[in-house]
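A, B, ... follow the sequence lines: proteins, then strands. Residue 1 opens every chain.
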Amino acid sequence: MEVPLSLSLQKHPFVQSQTHELKHWNSIIKHHTKLKDDLAILTTYTQMESLGILPDTATLPLVLKACGRLQAIEKGKKLHNSISSTNLASDIRVQTALVNFYSKCGMLQNALNVFDEMTERDVVSWNAMISGCVCCYEYQKALRLFSQMQKGNLKANSVTIVELLQVCGELLELRSGKEIHGYSLRHGLFNTNPHVDSSLIGFYLKFDPWIASLVFQTLASRNTISWNTMISGYINHGDFLKALKLFILMLNEGFKCDSITMLVVIQACAEFGDHGLGMQVHQLVIKFGYNNMHIVNSLVNMYNKYADLKSSYELFTSIPTKDVALWNSMLSCYVESGLINESIHLLNKMQLEGIKVNERTIVIILPLCANLSNGLINGKSLHAYAFKIGKERNKHIGNSLVNMYTLLNCVEDATKVFNKMKDIDVISCNVFISALANNKLKVQSCEIFTKMLELEIKPNSQTITSILSAFDGIDLLKFGKSIHGYVMKCGIEIDASLNTALTEMYINCEDESMGMRVFEEFPEKDLISWNSLLSTYIKNNQPYKTLLLFHHMVTRVKVKPNFVTIINILSLYTHLSNLPQGKFLHAYTLRRFSLLNYDLPLVNAFITMYSRCGSLEYAENLFNVLPKTNLISWNAMIAGYGMHGNGDEAMLTFSKMVKQGFTPNRVTFISALSACSHSGMIQKGLHLFYSMIQDFGITPELVHYNCLVDLLARGGLLNEAKNVIDTMPMAPDAATWRALIVGCRVYSDTHLAKTAFENLIELEPKNPGNYVLLSNIYAASGLWDEVKSLRLILENKGLKKPAGRSWIVIKSQLHFFAAGDKSHPQSETIYRKLTSLLTFVKEMGYVPDLRWVLHDEDDERKMVRISCHSEKLAIAFGLINVSGGSRILITKNLRICGDCHEFSKYVSKLSRRMIIIRDATRFHHFVDGLCSCKDYWKQFQFFWVKIFIPLIDMTRQFSIGSNNLGCICFSNPLAIQHPTIDMSSSQNSSASIGMQE
DNA sequence: CTAGGGTTAG
């Protein structure tokens, strides 16, 4: 910008003459004005000033205009002073120029003073004053000036109209704008002046693109600007297709585009997401020769939106002199693509090339910090840099800092930044509220919400969604209802995610009908809404309703499920052990999505389903044909082998995985360590634990230490297990103590068990399972008084042990059994079969182990009690109904009873059938009198509970629900049949089970 | 004295 001055001065014929005559100076100023060289105008004026020459009425406005544009406040004021005593000060052109200068520099009062002193005013001076008010955001003042002007019988011209339309647009005054529209029609200002035409379109675009397009269509003559206005209007309304269509029409009608047309069209292409179209527009840019920095910048961003990093980078490198914005854009591409190293490299390169990092750069790289191991240090140094360049309080920087600190769990730092920020808006508040909500700081997030209302910042849909997520449980319902009311009252637009949050809120708080109403009445339900609804029902242990909804969604509403839907539904079949339905869903998915094999998360879910539904072979088959695997696939297989007691295969899979170049992660070691536990491979497990630390550099977490405790405890190394608990770097949790207690039970160490139990109860006083666990140990040691007192404690605390349930799936139908249950239609046959089984196995040497009856009764009663456990009923039913040769697969919600375990071994030998029982912790494969768990079954495995739970809590589902549906039976996931078994009567029998587990 | 854009949360 500085260069043209000397060049133009040299070229100008008058410069050489060095004359002091005014007309020569005026001539120079006029010349620079033509070249739009404001700086040169000011330099010229400075030279005149030093010679004591003042410009005349013709050139003085030109100098003032230059001062205004360059924000040369002092220079302009000085000029004003120097003419104040001359007759120039009363010239209408000069006064108008002063008004204009002061308002451009934001000094509205000075402008008004000049305006007030004017003795004579024309339209141009009124316009200057009105435009000055617009410049200084004083829109109401502008409107008042207009009415004053009309009182003076001055007719508005096109410039007045343009300014007034601007005012009405800013104030969102549709009515007033329409009046201005009418005024221009009456006075012949519309369709005669292109500025008015475009302004009118721009005005209507703030409200309704349809009205704007009607005006656009009536235009007698259009120019590039009116086309641009219309195109960018569509873009602002998110209608990228209409914008692009209009652009094509513009070309077809032979209008010339300019660089702004290309700029907005590139934006439309980027948002529209059509890679091919974007490339064509890029070709046009080259053809038309618009290669300014803004355009290149937009193109780089466009390719980034297409995830075409290669094109972004090629374009970026092809520009020899890049400005900071271009570097920022490229940097942003890398950061958004998650290329951390490349981003840092580019940042360094940028600085090496002497480009000064600006505030935008900071905003771009701050999110990286959350993913760096030394992220906080980097984040803080960026924060310090922002402080140094005086941008700490900047809105965008503040937002990013708040976000960064939150992701790094530094809520305090985030709060400090937020409190210091100036000009916060709804976005700033949303960032901060969601930060607080993520940390469940409900009081603080409400405070910010209140602060927003005080500052008159209108909350939007996202604000409400975030604030709802801060609440849990019963608080949520109370608060949720009032916030729902607030949303309705204030007319906050409900988007899909807010609707989902409201629906979930009501369902989670057991106001299901309201939740469904909110869901049903929302017109813009999309697949995501449906998927979240399904997952809410799953989380609330409502498998039956979930499946009904799924059915309704697919067949009635005709919403096509996607992978997420399938994974959700699949998880139900996985939990329910419904292998036939799982298989059916697999077949359905293969038909529906032919590329199933390429969506790894989905295939991994199927692998897990097969292994947890007892079909390790299917899981293996699926895994073996995968064209590509990821870490999760391997982890699923290792977990599968472990769960089925095949520790050797789990270890082999682990080695294969490492050999193929995968780096095991924390989950891999959880699965692998647990596999060792299940198969009693203590040495191998210990080795694995050390290898995890030394070879793979993974710092063991609590869950890994828990694995270690479990491994040692079940191997009888109770002191070593206790030692691990005492020396591990973090506090043990309930699972740690449970693992130790289970070891104590196997090796009958009641003393250590008591210590462990005291710790456990302190951590989880309300979990009935914990009391049952200790009761088991006392019972096994014959300490009946202690058992009794424990039961009293349970009763006093109002805790109830979950009832044991076993179920078996036959032809996709679930058949449930509780102990002593006689509600099944085939009940008589089942008991007859069971009696004969018992007779046969007793002959083979089976002796009922009455220690597993945790009631202090006589042996005869104990015998009756133990002979009708739910597992035994399910086995008898399975032998009757599963065709010979096929294996029998039974699932139990709790851990298998020890006596039933023995019984199953005998039955497998007697019937020559494979019996598989999945309990809360693992699989037991009974073949020819032996179990795959090698009798390591007694152990309670905490993390499997985590994996299986939320294992659908059958007790809750089938005894509380309004329709006591005993089974869920679908022959087809898309067609739900009615259940055949009523389990309502089994509630009574469950009450008498006692503390079996 | 006047119309269209420009790079900003996750």
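Atom-to-atom, NE2 of A/His396 to C1' of B/dT8 comes out at 5 Å; the value is rounded to the nearest Å. Summarising the geometry, the separation between CG on A/Asn304 and P on B/dT8 is reported as 12 Å, rounded to the nearest angstrom. Atom C1' of nucleotide B/dA3 and atom CD1 of A/Ile231 are separated by 15 Å, given to the nearest angstrom. Per the geometry, OH belonging to A/Tyr290 stands 14 Å off C1' belonging to B/dG5, to the nearest Å. In this structure, A/Lys305 places its NZ atom 12 Å from C1' of B/dT8, rounding to the nearest Å. Rounded to an integer number of Å, the gap from A/Glu336 CD to B/dT8 C1' is 11 Å. For the pair A/Ile260 CD1 and B/dG5 P, the computed distance is 8 Å after rounding to whole Å. As a whole-Å value, the separation of A/Ile295 CD1 from B/dG4 P is 18 Å.
Candidate nucleotides B/dC1, B/dA9, B/dG5 were compared by shortest atom distance to the side chain of A/Val124, and B/dC1 ranks first. Taking only side-chain atoms of A/Asn127, from C-beta outward, the nucleotide of B/dG6, B/dA9, B/dC1 with the closest atom is B/dC1. If you check B/dC1, B/dG5, B/dA3 against the side chain of A/Asn223, the one that comes closest is B/dA3. For A/Ile427, taking side-chain heavy atoms from C-beta onward, the closest of the listed nucleotides B/dG4, B/dA9, B/dC1 is B/dA9. Relative to the side chain of A/Gln462, the nucleotides B/dT2, B/dA9, B/dC1 differ in distance, and B/dA9 lies closest. With distances taken from any side-chain atom of A/Asn228 to the nucleotides B/dG4, B/dG6, B/dA9, the minimum falls on B/dG4.
A sub-4.0 Å separation between OP1 or OP2 of B/dG10 and a side-chain N or O of A/Asn403 is present.
For the contact set between residues 92-123 of chain A and DNA chain B, defined by any heavy atom under 4.0 Å, the members are A/Asn100, A/Lys104. The stretch residues 137-165 of chain A touches DNA chain B through A/Val159, A/Val162, A/Glu163, each having a heavy atom under 4.0 angstrom from the strand. Listed by residue number, the members of residues 237-248 of chain A with any heavy atom below 4.0 angstrom from DNA chain B form an empty set.
Residues satisfying the salt bridge (charged side-chain N to carboxylate O under 4.0 Å, His left out) criterion with A/Lys305, sequence neighbours excluded, are A/Glu271. In this structure A/Tyr313 satisfies the ring pair (Phe, Tyr, Trp, His ring centres under 6.0 Å) test with no other residue, sequence neighbours excluded. Under the salt bridge (charged side-chain N to carboxylate O under 4.0 Å, His left out) criterion, A/Glu359 pairs with A/Lys391, not counting sequence neighbours. Residues forming a side chain to side chain contact (heavy atoms under 4.5 Å, CB included) with A/Val123 (at least two apart in sequence, or on another chain): A/Asn127, A/Met149, A/Leu154, A/Asn157, A/Thr160. The salt bridge (charged side-chain N to carboxylate O under 4.0 Å, His left out) check on A/Arg69 picks up A/Asp38, with sequence neighbours excluded. Not counting sequence neighbours, the partners of A/Glu504 by the side chain to side chain contact (heavy atoms under 4.5 Å, CB included) test are A/Thr500, A/Asn508, A/Ser532, A/Thr536. By the ring pair (Phe, Tyr, Trp, His ring centres under 6.0 Å) test, A/Phe247 pairs with no residue at all, sequence neighbours left out. Residues that satisfy the salt bridge (charged side-chain N to carboxylate O under 4.0 Å, His left out) test with A/Lys242, not counting sequence neighbours, are A/Asp239.
Residue contacts for A/Asp258: at a heavy-atom cut-off of 4.0 Å it reaches a base atom on one of the strands shown. In this structure, A/Asn328 reaches neither bases nor backbone, as no heavy-atom distance under 4.0 Å exists between it and the strands shown. At a threshold of 4.0 angstrom between heavy atoms, the contacts of A/Val431 include nucleobase atoms, whether or not backbone atoms are also involved.
Ring planes of A/Tyr303 and A/Tyr306: perpendicular class, angle over 60° (limits at 30 and 60°).
Nearest heavy-atom pair across A/Pro55 and A/Thr59 is CB-OG1, 3.3 Å. Shortest non-hydrogen contact noted between A/Ser221 and A/Asp197 is O-OD2, 4.4 Å.
Side-chain N/O atoms of A/Ser198 and base N/O atoms of B/dA3 include a donor-acceptor pair closer than 3.5 Å. Counting distance only, with no hydrogens placed and no angle test, the side-chain atoms of A/Gln267 and the base atoms of B/dG5 include no donor-acceptor pair under 3.5 Å.
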Please output the side-chain donor-acceptor pairs of residues 130-146 of chain A that fall under 3.5 Å, not counting sequence neighbours, one pair per line with the distance.
unit_1	atom_1	unit_2	atom_2	d
A/Ser131	OG	A/Glu163	OE2	3.4

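By the neighbour-count criterion of 12 heavy atoms within 6.0 Å, atom NZ of A/Lys458 is densely surrounded, having more than that number from other residues, nucleotides or ligands.
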